[in-house]
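A quick write-up on the structure given underneath.
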Amino acid sequence: MTPPGLSRRERQIMDVLHRRGHATAAEITADLDDAPTNTTVRTLLRILGRKGHVRFERDGKAYVYSAAADREEAGTSMMGHVVRTFFGGSPASAMAALLGSERDSLTEAQLDRLEQLIAEARRRSR
């Protein structure tokens, strides 16, 4: 799934859906800071549905919404988009930018995890 751009509100709605698993428009509205109207949230949910980010089911009179992809899958897709767009498709350049911008030093556990991922990538590329 290639991620089309999401507005700030659309990202907030997706955050609610990933956190809750599923929710009605009223529940999403209640969870948003400085919430827009329920009508606006329903409109944004329809837009997110057209973009392929949201699924819905009818439950009596209400629609219950859920994310079309789990948070990890959506994050992986978005990172791929960022790497292609800003780093010329180079994961190494993206990683260098991430590590270079790190304000706090990485923990030993984080460094170990990065080493493990690099070793796995090396095995796959042979």
Side-chain angles (χ1 to χ4, degrees):
M1 159 173 107
T2 301
L6 296 180
S7 70
R8 178 179 61 88
R9 279 289 187 209
E10 289 171 336
R11 285 191 311 271
Q12 290 173 337
I13 289 169
M14 293 307 300
D15 285 345
V16 171
L17 289 175
H18 281 121
R19 188 175 57 251
R20 282 179 160 261
H22 59 276
T24 64
E27 291 169 333
I28 293 167
T29 302
D31 278 8
L32 294 174
D33 292 332
D34 190 29
T37 65
N38 197 36
T39 301
T40 300
V41 170
R42 286 194 312 270
T43 298
L44 289 169
L45 285 163
R46 278 194 302 278
I47 292 168
L48 286 165
R50 282 195 300 262
K51 289 181 177 182
H53 293 285
V54 169
R55 294 187 182 128
F56 64 91
E57 294 179 4
R58 193 167 178 90
D59 183 16
K61 292 183 178 184
Y63 286 97
V64 178
Y65 299 89
S66 60
D70 67 23
R71 186 180 290 274
E72 185 174 334
E73 182 182 343
T76 298
S77 177
M78 186 59 75
M79 280 303 300
H81 175 72
V82 167
V83 169
R84 286 188 304 278
T85 302
F86 296 103
F87 299 98
S90 170
S93 294
M95 182 58 75
L98 284 170
L99 292 174
S101 70
E102 203 54 43
R103 288 194 174 95
D104 299 320
S105 58
L106 296 171
T107 66
E108 284 299 315
Q110 291 168 325
L111 290 169
D112 289 345
R113 177 67 177 136
L114 289 171
E115 285 176 351
Q116 177 186 13
L117 291 169
I118 291 168
E120 290 172 13
R122 279 195 174 116
R123 280 191 294 276
R124 284 194 311 266
S125 68
R126 292 182 183 167

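Just so you know, these numbers come straight off a predicted model, no measurement behind them. Numbers here are sequence positions counted from 1.
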Compare every heavy atom of M14 with every heavy atom of A67, then report the nearest pair and how far apart it is.
CB-CE, 3.8 Å
Within the structure provided, determine whether Q12 and V16 are in side-chain contact (heavy-atom separation under 4.5 Å).
no
What I want to check is whether the side chains of R113 and Q110 have a donor and an acceptor closer together than 3.5 Å.
no
Look up atom CE in M95 and atom CG in L117, then write down how far apart they are to the nearest 0.5 Å.
7.5 Å
Are any of the side-chain heavy atoms of H53 and L17 separated by less than 4.5 Å?
no
Enclosure of R9 CZ (heavy-atom neighbours >12, cutoff 6.0 Å):
yes
R84 side-chain N/O to G80 backbone N/O, donor-acceptor pair under 3.5 Å:
yes
Rounded to the nearest 0.5 angstrom, the CZ-CD1 distance for R50 and I47 is 5.5 Å
Just checking, is any N or O donor in the side chain of S125 or R122 under 3.5 Å from an acceptor N or O on the other one?
no
Check whether any side-chain heavy atom of K51 sits under 4.5 Å from a side-chain heavy atom of E10, and report yes or no.
yes
If we only count heavy atoms from C-beta on, is the I28 to R20 side-chain gap below 4.5 Å?
no
Value for CD (E27) from CG (N38), rounded to nearest 0.5 Å, stands at 10.5 Å
Using atom types as modelled and distance alone, determine if a side-chain donor or acceptor of D59 lies under 3.5 Å from a backbone N or O of A62.
no
Counting only heavy atoms not in E72, do more than 12 fall under 6.0 Å of its CD?
no
Gap separating the CD atom of E115 from the CD atom of E108, nearest 0.5 angstrom:
8.5 Å
Is P36 close to V41 at the side-chain level, that is, under 4.5 Å between some pair of heavy atoms?
yes
Would you call L6 and L48 a side-chain contact if the rule is heavy atoms closer than 4.5 Å?
yes
Look only at the side chain of R55 and the backbone of S66, and say whether a donor-acceptor pair between them is shorter than 3.5 Å.
no
Residue pair R19 / D31, side-chain heavy-atom distance below 4.5 Å
yes
Heavy atoms of F87 and A97 approach each other most closely as CE2-CB, 3.6 Å
If only side-chain N and O atoms count, and only distance matters, is there a donor-acceptor pair under 3.5 Å linking T37 with T40?
yes
State the OG1-CZ distance between T24 and R42, to the nearest 0.5 angstrom.
10.0 Å
Around atom CD of E120, are there more than 12 heavy atoms of other residues, nucleotides or ligands at under 6.0 Å?
yes
Please work out whether the ring planes of Y63 and F56 are parallel, tilted or perpendicular, with thresholds of 30° and 60°.
perpendicular
Considering only heavy atoms from C-beta outward, does the side chain of L99 approach that of L114 to under 4.5 Å?
yes
